[in-house]
Amino acid sequence: MTPRTAGIVALVGAVGWIGLISLGARMFQTQPPTAAFDLELLLRAGRDVAEGRSPYDPAIVAGTAPVAERLFYSYPPVVAQVLSLVAGIPSAAMFVIWVAAAVAGWAAVAGALAKRVAPALSGITVALVAVAVTPLVFPFAIGLLFGNLDVFFPALHGLLLLSVLPRASVGQAAVGGVSTAVASIAKLHPASLGLWLLVRSAGDRPARRALTAAIVAG
């Protein structure tokens, strides 16, 4: 990357992140706060489990139709069970950790993918560019503001891609398969990637390994 290109990327990243952080700060000042509302929903479910309660609305469990305008916990039980492990962390601190982990995860995977498919590129440079453009990837940026669980899927899906590239190791295939299982259990719809792995595995050893790992982990 030339110094001029690096400067442009740094400028775009700085402007984007300042804008995203500013928007997030304003959203936190509304009553009730409109930022991190999905994360707060998940954290409340985790705290319910930590205190021995069900994370689900008793009325909905009893058969009452949910109100479309009202948010409620609708993820599989394992999500609340995992979040019960961090139930004691304040919501604001958890939001910072959530955003940092999601951005670091997808940047690291972007760098790893670059090293595999374009060895001439610097993985660290690609990872830094990924961080810089994060505020411009609107579905991802919006997910960060709301604290959506989906913000971890770019990293999980990237691990799957790494696992099926030529010359992928057994360990990489296992990590890719496990990441697919984790995403599928957390949100269900990523399970459709299992069909892609199944079709690909017919003539692809890394895909067969990843599919096996996904099935065993699931």
Side-chain angles (χ1 to χ4, degrees), residues 8-47 55-57 66-76 78-80 82-83 86-87 89-114 126-162 179-193 196:
I8 293 173
V9 171
L11 177 61
V12 170
V15 172
W17 275 105
I18 290 172
L20 189 66
I21 292 171
S22 175
L23 177 59
R26 290 199 300 270
M27 292 171 66
F28 269 114
Q29 291 171 359
T30 62
Q31 292 298 326
T34 52
F37 66 83
D38 201 28
L39 176 59
E40 186 62 30
L41 184 73
L42 294 170
L43 292 176
R44 281 203 304 267
R47 289 162 187 155
Y56 298 103
D57 187 324
V67 178
E69 294 81 6
R70 185 171 62 85
L71 293 174
F72 55 92
Y73 180 79
S74 59
Y75 294 89
V78 66
V79 175
V82 170
L83 287 172
V86 294
I89 300 178
S91 297
M94 195 62 210
F95 178 68
V96 174
I97 295 170
W98 193 268
V99 171
V103 174
W106 102 282
V109 166
L113 283 168
V126 172
L128 291 175
V129 171
V131 172
V133 302
T134 290
L136 306 181
V137 183
F138 291 123
F140 188 63
I142 292 170
L144 292 176
L145 288 173
F146 292 161
N148 291 345
L149 189 62
D150 303 42
V151 293
F152 292 102
F153 288 178
L156 294 174
H157 293 168
L159 291 173
L160 173 61
L161 289 177
L162 281 170
S179 70
T180 303
V182 169
S184 302
I185 292 171
K187 205 65 182 280
L188 301 182
H189 66 76
S192 59
L193 288 172
W196 177 71

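Heavy-atom minimum distance, Ala155 versus Val109: O-CG2, 3.6 Å. Taking both residues in full, the closest heavy atoms of Val103 and Phe140 are given as CG2-CE2, 4.3 Å, listed atom of the first, atom of the second, then distance. Nearest heavy-atom pair across Ala186 and Pro76 is O-CD, 3.4 Å. Across all non-hydrogen atoms, the minimal contact from Phe95 to Leu145 is CE1-O, 3.9 Å. Annotation for Trp106 and Ala130: closest pair CZ2-O, 3.3 Å, computed over non-hydrogen atoms. Nearest approach of Ala114 to Val126, heavy atoms of both residues: CB-CG2, 3.6 Å.
Atom OG1 in Thr134 sits 7.0 Å away from atom CG in Leu144 (nearest 0.5 Å). Here the straight-line distance linking atom CD1 of Ile185 with atom OG1 of Thr180 works out to 11.0 Å at 0.5 Å rounding. Summarising the geometry, atom CH2 belonging to Trp17 is positioned 10.5 Å from atom CG belonging to Leu136; distances are rounded to the nearest 0.5 Å. Here Leu162 contributes atom CG and His157 contributes atom NE2; the two are 13.0 Å apart, rounded to the nearest 0.5 Å.
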Only distances under 3.5 Å count here; give the side-chain donor-acceptor pairs of residues 36-46 to other protein atoms, sequence neighbours excluded, each with its distance to 0.1 Å.
from	atom 1	to	atom 2	distance (Å)
Asp38	OD2	Tyr75	OH	3.3
Glu40	OE1	Ser91	OG	2.7
Glu40	OE2	Arg47	NH1	3.4

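Between Val86 and Ile97 there is no side-chain heavy-atom pair separated by less than 4.5 Å. For the pair Val151 and Phe146, the minimum side-chain heavy-atom distance is 4.5 Å or more.
Judged as a salt bridge (charged side-chain N to carboxylate O under 4.0 Å, His left out), and not counting sequence neighbours, the contacts of Asp150 are Lys187. Remark: Phe152 pairs with Trp98 by the ring pair (Phe, Tyr, Trp, His ring centres under 6.0 Å) rule, at least two apart or across chains.
Counted by atom type alone, Ser22 and Arg26 present one or more donor-acceptor pairs between their side chains at under 3.5 Å.
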